[in-house]
Amino acid sequence: MTNNNRHLLIGFILGLFLFISIPPVLSQINPITPPIQSAAQSIAQGRTFYAAKDYQQAIHLWRQAAQRYETQGDTLHQAQALSYLSLAYQKLHHWTDADTAITASLTLLDTVAESTERSRLYAQALNHRGRLELALGRAESALATWKQATQIYQQLNDDIGVTGSRFNQAQAMEALGFYRRACQISLQAFQVDNHCNLSESGELDAAVNTFKQQSQPAFTVVGLRNLGNVLRLVGHWQESQTILHQALDLAKQIDSPSQQSATLLSLGKTQYAIYRQDKDLWERSNITQNRDNAKEWARAALNTYQQAAAINTDSTTLPLEAQLHHLRLLIEFQQWLQTLAKTDKTANPAEFTSQIQSQVQTLLQSPLANLEDSKIAIYSQLSFAQTLLKLPQYDPNFSHALDYTQAALNQAQSLDNKRAESEALGTLAHIYEQTQNWSDAQDLTHQALGLAQSLNTEDLAYKWLWQSGRIYWKQQQKENAIHAYNTSINVLNSVRRNLLAINPGVQFSFLDDVRPIYQQFLEILLQPDANLDHLRQATRISEALQLAELEDFLRCSFTNLVPIDQNQNPPAAIIYPILLKNRLEVLIKLPQSESSPEKVYRYTPQVSAQDFSQTLYDLRQQLDDPRNPVDSLILPPAQKLYNWLLKSAQTDLPQTGTLVFVLDSTLQNLPIAILHDSQHYLVETYNIAISLGSQLPNLNPLSPTHWQGLLAGINKKAESYPPKLPALSSVWNELHQIHNTVPSQLLENEQFTQTNFRNQLINHPFSVIHLATHGEFSSDATQTVIYAWDKKIPVEKFGQLLQQRQQTRREPIQLLVLSACQTASGDRRAALGLAGVALRANASSTVASLWRVSDNSTAQLMDNFYQQLNQGIPKAEALANVQRKFINNPDNPSHKHPYYWAAFILAGNWF
């Protein structure tokens, strides 16, 4: 490849990533006067003007060159001139002219005999066509075009061409939502082929350093920024930030304002993603450090967006995009601070009011309203309109939002971009929804939905179905609303699972995009006039909500699950405590039997959601210390919770049997066994299990005649333990007592390495896995870990180990026991981590502790538990029997304290 061609390819890639926008003036390819210089000279001068961003002059010269080559009968170079001409037209947004030129170029090349130069020019023309297709919103076509270009460059052994076209493929994949595939193709451009698995960070660092040494600086900046963008999209935020800082440093070295601005914009987006992550963790955990981290990242992103907007470049859209992101975050951050201000004295939402007002005025006076037709213009205008709708509701905001959305709709229709048209129609509908113009809102929503369905874009369809449900509900059309919400949730589940299947790092905000739909739907279903069908549907939605949250927590989907009551061993009752915005609802389902049909009872205790949550939290705080008196500190909240959850249902519940609780993540920290009716603990009357929303398909009871166990534990200070964790001195007794009861393999202390554990899992048919070591369950998946001797095993890695087992062994894991693990202190949703480990293990049942219990009493409890199982007693009953023994054992009255027995819960199958 010549230096000129290399420079043009690099220039093309730079233009693709910078989204430089200049108002277009539609023109035609008219007959031109014969040139006074050679065609080759016109091509060379055109490159000079193109590099100087004088695209009109470049067009003039390349049109001259195309005509001269045609006169000479030089079809090959005529096609090259037309390819360059298309690229210049694209810079000016002359979409029709650009399409005409690139189509003519490729048509001519199809008539030229095969040669190395012809292949090179064909690949270059394909790159230019792909850029045009992406700019017009045709991402699938662009991806196919760039794949074809990549194949040609590979045949030519052109490394720069291959790298550039791979970066382009990544852009198309991002537009299609295929973030994991975009990450893979980007890493391949860096000669890293690890399926976007960054566990070996040294490999990535080495590849980046090699790329920086072998590539020209401007090309390197673009490549690093592309990689940083896709790493953000798949959830590798820290790696994204590191890569983008390197790109920014290099952009400063080459003194490229446009590169600096574009890279700062990408960096701001990554910092925003980290802010959202820490904010979600705060909402889940209520841990102050997560809140403070979120505030720091929000301020960092605001500062970075400001820097990006302040740099003077020749781009119209770059500063606008940075300003739009800055305004959106200002409003979002201020609204969050308003919710924090009640408890956080450092929160001062008023500090952003003047900035928001100023930024709105700046954007209203900017060229945003006059951008010529382009995909970038459409989405910039929609973004501004949607942001205006988040401001206090007064007429100017809605009027401006309406104007910008209408402009976006007109452009989408002009470019025949159906997806953008659907988004603009849906946004218009939302404006009318906000102003309570229900008729127009519903009509426009249905138009948006129709387009989304015709395009099979489910990620839009679920939003418009949700919006339609809200509008129906506001008009008191309950059955229509129920149908719309139900369909929306079905589509949303399909979207999430499809995305998770191809892209485990997909950034669906559960708190913003998922949970509200379920909770609003439950509010509608659980109105005072709810009938039996509504109650049944509410139980299914409650189950689905818990599973959706677990899938969000684990970033993977579970499709091999069946509903709780569809098995041959139904429990005595299934209990659904549903914590809505302002109240608690309790649904109790009595499964169908030979003597009676399925029944669903509903109770609405007189307690606010806030009071219920606070009482639960107070109880959990008292249970971690056996010195806390039971009568004064533990029984009062335990009795309150019982009264709210079960007192009204006493006459409807069976007198004995197993109760299965389907718990919202806010309630999973509750040790159900401790609920107290003023006479007895609940576990003294019933066996208890908690459900993860649905059961695993492994529904066979544990057979003591065929089981085999893997017992692993540490009774010394392990290498992997952080300083705060003590040795578990009684683990040796615990493991050996179980070993005497269960046929099993032992891994103790130094033998319990991650590698040994994996090898044992793969090579032996274990049905029981018992881990006696430290571990912590957290609402943060990265902090949910189990400690082996040599290293800690995060929940994701733990799941990978078990998945490797499934590839070689068919025997299911009937029981997973985590005897020394605990939920993270102060984390209100820490039990989400416990449920995540259970699902990741694909175990039929999991027994674990909500807090770290005395290891002496744990050894005794576990020994008794396995003795019960060895007698063929079902798992929930076996655990309940042991807990009853602790409560009523006169030989060791100290163990009567709930600290010693209430921590242990059974999740999953109860038989």
Side-chain angles (χ1 to χ4, degrees), residues 14 16-21 170-171 174-175 179 182-183 186 221-252 256-280 293-313 315-337 351-352 355-356 358-360 362-363 366 368 376 379-380 382-384 386-387 390 505 507 509 512:
L14 294 179
L16 175 60
F17 287 103
L18 292 180
F19 298 105
I20 294 173
S21 173
Q171 289 286 304
E174 286 178 36
Y179 304 145
C183 181
S186 294
V221 174
V222 173
L224 291 175
R225 186 165 64 250
N226 170 74
L227 180 60
N229 287 337
V230 294
L231 288 175
R232 176 183 67 251
L233 292 171
V234 295
H236 294 305
W237 298 302
Q238 295 302 331
E239 292 85 353
S240 170
Q241 185 177 218
T242 299
I243 295 292
L244 290 172
H245 275 296
Q246 293 182 38
L248 181 60
D249 291 341
L250 189 55
K252 292 177 180 177
S256 171
S258 59
Q259 295 281 21
Q260 292 178 49
S261 181
T263 305
L264 282 166
L265 179 58
S266 292
L267 181 59
K269 293 177 181 178
T270 295
Q271 292 167 337
Y272 172 77
I274 300 174
Y275 152 70
R276 289 292 299 271
Q277 178 204 30
D278 285 333
K279 178 175 175 285
D280 278 6
N293 288 344
K295 290 194 291 186
E296 289 180 11
W297 282 112
R299 294 182 187 279
L302 287 171
N303 181 58
T304 303
Y305 287 143
Q306 279 186 308
Q307 292 182 54
I311 293 177
N312 186 21
T313 73
S315 168
T316 303
T317 57
L318 258 178
L320 286 176
E321 189 175 1
Q323 289 166 10
L324 286 167
H325 280 281
H326 184 254
L327 176 60
R328 183 184 71 170
L329 179 52
L330 276 174
I331 295 171
E332 182 180 323
F333 189 34
Q334 183 187 55
Q335 291 175 346
W336 185 48
L337 290 178
E351 68 177 297
F352 296 114
Q355 291 185 55
I356 291 171
S358 174
Q359 190 79 344
V360 167
T362 297
L363 284 164
S366 73
L368 181 61
I376 300 169
Y379 284 102
S380 295
L382 281 179
S383 175
F384 188 38
Q386 291 161 358
T387 301
K390 297 177 182 178
Q507 293 307 300
S509 172
D512 293 336

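When reading the values below, keep in mind they use all heavy atoms of this one structure, side chains included, and skip hydrogens, waters and symmetry mates.
- Expressed to the nearest 0.5 Å, how far NE2 of His325 lies from OG1 of Thr304 amounts to 12.5 Å.
- Heavy-atom minimum distance, Thr270 versus Trp237: CG2-O, 3.6 Å.
- Side-chain contact between Asp249 and Gln246: absent, with no pair of heavy atoms (C-beta onward) separated by less than 4.5 Å.
- Asn303 places none of its side-chain heavy atoms less than 4.5 Å from the side chain of Arg299.
- Between Leu231 and Ser240, the closest heavy-atom pair is CB-CB, 3.9 Å.
- Interatomic distance, His245 NE2 to Leu250 CG, rounded to the nearest 0.5 Å: 14.5 Å.
- Nearest heavy atom pair, residue Gln334 against residue Ile356, reads OE1-CD1, 3.3 Å.
- We find the CG-OH distance between Leu267 and Tyr272 to be 15.5 Å, quoted to the nearest 0.5 Å.
- Classification of the Trp336-Tyr275 ring pair by plane angle, with boundaries at 30° and 60°, yields perpendicular.
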task = Determine, step by step, whether Gln259 and Arg225 satisfy the side-chain contact (heavy atoms from CB on, under 4.5 Å) criterion, reporting the C-alpha distance in whole Å, the side-chain angles of both residues, the deciding distance to 0.1 Å, and the verdict.
result = CA-CA 9 Å; Gln259 295 281 21; Arg225 186 165 64 250; 3.0 Å; yes

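- In terms of modelled atom types and a separation under 3.5 Å, the side chain of Ser383 and the main chain of Ser380 share no donor-acceptor contact.
- Here the side chains of Phe384 and Leu320 are not in contact, with every heavy-atom distance at 4.5 Å or above.
- Contact check for Asp278 versus Lys295: no side-chain heavy atoms found under the 4.5 Å cut-off.
- Salt-bridge check for Glu321 with Lys269: passed, with a basic side-chain N closer than 4.0 Å to an acidic carboxylate O.
- At least one side-chain heavy atom of Glu174 sits less than 4.5 Å from a side-chain heavy atom of Asn226.
- Here the closest heavy-atom approach between residue Leu244 and residue Thr263 is recorded as O-CG2, 3.5 Å.
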ask   = Can Thr387 and Leu324 be said to form a side-chain contact (heavy atoms from CB on, under 4.5 Å), step by step?
value = CA-CA 8 Å; Thr387 301; Leu324 286 167; 5.6 Å; no

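- Residues Leu302 and His326 share a closest heavy-atom pair of O-CD2, 3.3 Å.
- Note that the CG atom of Asn229 and the CZ atom of Arg232 stand 4.5 Å from one another [nearest 0.5 Å].
- Rounded to the nearest 0.5 angstrom, Leu248 CG and Ile243 CD1 are separated by 13.0 Å.
- A donor-acceptor pair is defined here as one N or O able to donate and one able to accept, closer than 3.5 Å; such a pair exists between the side chain of Thr362 and the backbone of Ser358.
- Taking every heavy atom of both residues into account, Gln355 and Gln306 meet most closely at OE1-NE2, 4.4 Å.
- The backbone N or O of Gln386 sits nowhere less than 3.5 Å from a side-chain atom of Arg328 that would complete a donor-acceptor pair.
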